[in-house]
Visitor: 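I'd like to ask some things about the structure below.
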Amino acid sequence: MIHLIDAVLAIILLSVLLSLGSNRLKALVEIMALQGIAVSVVPLLIEYHAEIRQGEIIFFQIMVLIKGALIPGLLFMALKKIAIKREVEPIVGYHASLLTGLAMILLSIAVTERLHLTMPAGRELLLTTAITTLAAGFFLMMSRRKAITQVIGYLMMENGIYLIGSALTKRSHTLYVVEFGVLLDLLVGVMIMGIILHNIKDAFDDVDTTHLGSLKD
Amino acid sequence: MIEYVFIVPVIAGLMTLFLPRVLGRGVLIITAFLHLLLTLMGWFGKLTPAYVNFFRVTPEGMLVLLVTSFIFALISIYAVAYADETGLANERIFICCLLLFLGTMSMVALSDHPIVLWIAIEATTLVSAPLIFIKRSKEALEATWKYVLICSVGIALALLGCFFITLSMDIGNIDAPFSFTSLNQVATQLDPLWLKAGFIFVIIGFGTKMGLAPMHTWLPDAHSQAPSTVSALLSGALLNCAFLGIYKVHVLMNYAGLGAFSSNVLIGFGLFSVLVAGIFILNQPDYKRMLAYSSIENMGVIAFGIGVGGIAAYGAILHMIHHSLLKSSLFLSSGNILLGFGTKLVPKVGNMVKLFPKTFVSFFAGFAGISGFPPFGIFISEVLIIIGAFQSRRYWEVGILIFGLILVFAGASRIVMDISFGQTSQVVLIKEKFFRVMPSIVLLLTSIALCVWLPDSIYQKIYQSIAIIGGAFHV
């Protein structure tokens with residue numbers, strides 16, 4: 001039987017590649033919603049030695065709601081408000097971005113092999129996916145000009161960090177550390193609200209961070 | 001219950017949102033002095049933490065808390081005087097966020113749990129972003145956007161560092177509470193490889209917030225665009241809080257026997273920051289940016305001193321205290337200049353010695369202090385750091401440090417001379433007032449006083465906080 005977790009991880013990897021190759025912002029937000037849901041169910045699918053506690057199930061449900069509904073919803077609102085559809089003239093082109101994404105997957109497989117972690121079976125792919133998502137998020141932040149795409153890049157990076165956390169930590173002890181990663185979503189929310197409320201558009205005619213270049217040395 | 005130190009400002013801050021404006025100003029000053037009182041009670045051991053799993057009274061934390069509280073009390077006077085004369089845009093939000101900022105910074109100083117520390121530092125980003133944006137100009141928006149985005153990435157990486165520290169616990173099969181105090185006791189059983197990785201991510205993450213180069217890029221923009229009161233707080237208090245996060249992990253590394261590794265990383269980042277600041281400060285057209293780069297330089301000096309250890313670690317903590325006092329004083333003076341001339345550009349302002357004699361005294365004295373002239377405290381701390389570096393035979397490193405310090409002095413002195421004695425055609429918009437000069441003078445006098453006579457309890461606190469990393473004051 002194919003493990004369910006491998007299928008979910010494949011979906012995450014595909015969503016990373018799709019987001020690197022897509023130029024329509026609406027599609028990008030939809031991809032992020034899918035990725036958010038996939039990322040937040042991953043910890044449930046990992047086989048633990050210990051039982052999953054009642055509180056944790058509620059927590060994962062909240063995670064799905066935040067990552068799959070709340071943040072994408074906010075992003076949609078922001079998109080409507082600023083009325084732009086496409087990311088034009090990215091700093092790195094779409095085909096080059098896709099190729100970089102593939103290179104990142106290879107690189108993270110190599111990194112995972114090198115780490116020689118004594119992980120439970122089946123988690124190697126998880127760590128590979130996590131590192132790829134983290135790196136691709138970074139790349140998206142640096143290679144796009146629109147503020148909203150940079151926020152999406154940050155969101156992706158944060159998904160990667162959450163995955164790394166769930167791949168690496170054992171649940172044998174009662175440390176809630178990974179769970180606090182959800183607070184990073186708060187920062188994302190604030191950034192989006194910043195775009196909506198203070199409206200970079202009003203000040204600059206367009207949500208384009210190239211206009212944010214007057215402060216420099 | 002020492003938790004009141006951060007609970008009180010947070011509640012007061014939220015309260016001001018619903019109060020009339022003039023009452024809000026009163027609440028600001030009263031809370032600031034109440035906070036100072038609570039801090040002093042904590043300092044003398046009258047208050048103990050109620051939630052010992054999350055909060056502890058540590059010597060280094062109390063030092064940061066006392067400095068923060070003292071500076072905030074004086075800044076609150078300045079802020080109210082400023083608001084009284086010129087009025088403030090969005091005053092309710094401004095005062096609320098100032099108080100929340102104080103609360104979150106106090107929480108950083110008290111937290112003992114890595115995740116609580118991380119949450120508190122994240123919260124400082126969230127509540128200080130509206131303060132930077134308070135003028136709502138195009139430039140302020142740009143500075144705020146950069147601040148939030150860059151610091152969020154830093155915060156995310158610091159969380160990754162915390163994951164690695166828990167992983168090193170897992171690999172070492174340790175079942176202990178996740179707090180710095182208990183981690184220090186079991187440090188030798190932690191897995192060294194992942195602890196090192198954790199330290200690297202923590203120093204990159206919190207180093208972003210502290211303004212270490214090359215992650216400093218948000219700092220000059222935010223400091224130049226924020227109102228001067230906020231710049232003074234960012235520079236004098238927030239950077240120390242971020243430094244505290246790095247310092248706690250550095251102490252953990254020392255317990256684990258990896259002190260040499262973390263010291264070298266700190267020295268590397270420190271020297272690079274000093275050099276970058278030195279290069280960018282030359283030909284700087286904006287005097288508030290000049291002060292911001294000087295902050296980067298001083299954070300570099302602190303990281304360097306802590307990395308060198310021994311007598312230099314003592315110097316570094318002393319440097320942190322005096323830098324906070326002098327730099328916030330300088331930012332407050334620069335606020336008067338900005339208010340008086342209405343521009344931040346050096347070529348347009350000048351002749352401060354005639355037009356603003358009192359501000360001139362505080363600005364020039366602050367500049368002398370920050371450049372390391374006696375009788376200000378930075379003179380002593382920098383001498384101690386340099387002696388410490390020679391003692392531990394780091395000749396190359398100390399050479400680079402002194403070169404960087406000279407660059408910063410050269411760049412800054414040109415700007416200060418221009419502002420003070422140069423010609424200007426600008427008309428004076430708003431004259432200086434007593435309550436806008438008094439806080440910066442008091443800060444300067446405190447630095448002089450601490451240089452001549454350091455109270456024994458402060459000396460003891462510094463000594464206790466550096467004892468672990470091999471710091472000492474035996475020449």
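As the structure is a prediction and not an experimental result, all values here were calculated from the model. Chain identifiers are assigned alphabetically (A, B, ...) following the order of the sequence lines, protein sequences preceding nucleic acid strands; residue numbering begins at 1 within each chain.
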Visitor: How long is the straight-line distance from CD1 of A:I161 back to CZ of B:F201, given to the nearest 0.5 Å?
Guide: 8.5 Å
Visitor: Which atom names give the shortest non-hydrogen contact between A:Y154 and B:S152, and what distance separates them?
Guide: OH-O, 3.0 Å
Visitor: Looking only at non-hydrogen atoms, find the nearest pair between B:W145 and A:V151 and report the distance.
Guide: CH2-CG2, 3.6 Å
Visitor: Flag the one option from B:L193, B:L160, B:T125 with the top tally of heavy-atom pairs under 4.5 Å to chain A.
Guide: B:L160
Visitor: Would you mind telling me which of B:T144, B:I155, B:I119 has the largest number of heavy-atom pairs within less than 4.5 Å of chain A?
Guide: B:I119
Visitor: Report yes if the side chains of B:L149 and A:M141 come closer than 4.5 Å at any heavy-atom pair, otherwise no.
Guide: yes
Visitor: Relative to chain A, which segment of B:A129 carries a heavy atom at a distance below 4.5 Å: side chain, backbone, both, or neither?
Guide: neither
Visitor: Would you say B:L157 and A:F138 make side-chain contact, with heavy atoms under 4.5 Å?
Guide: yes
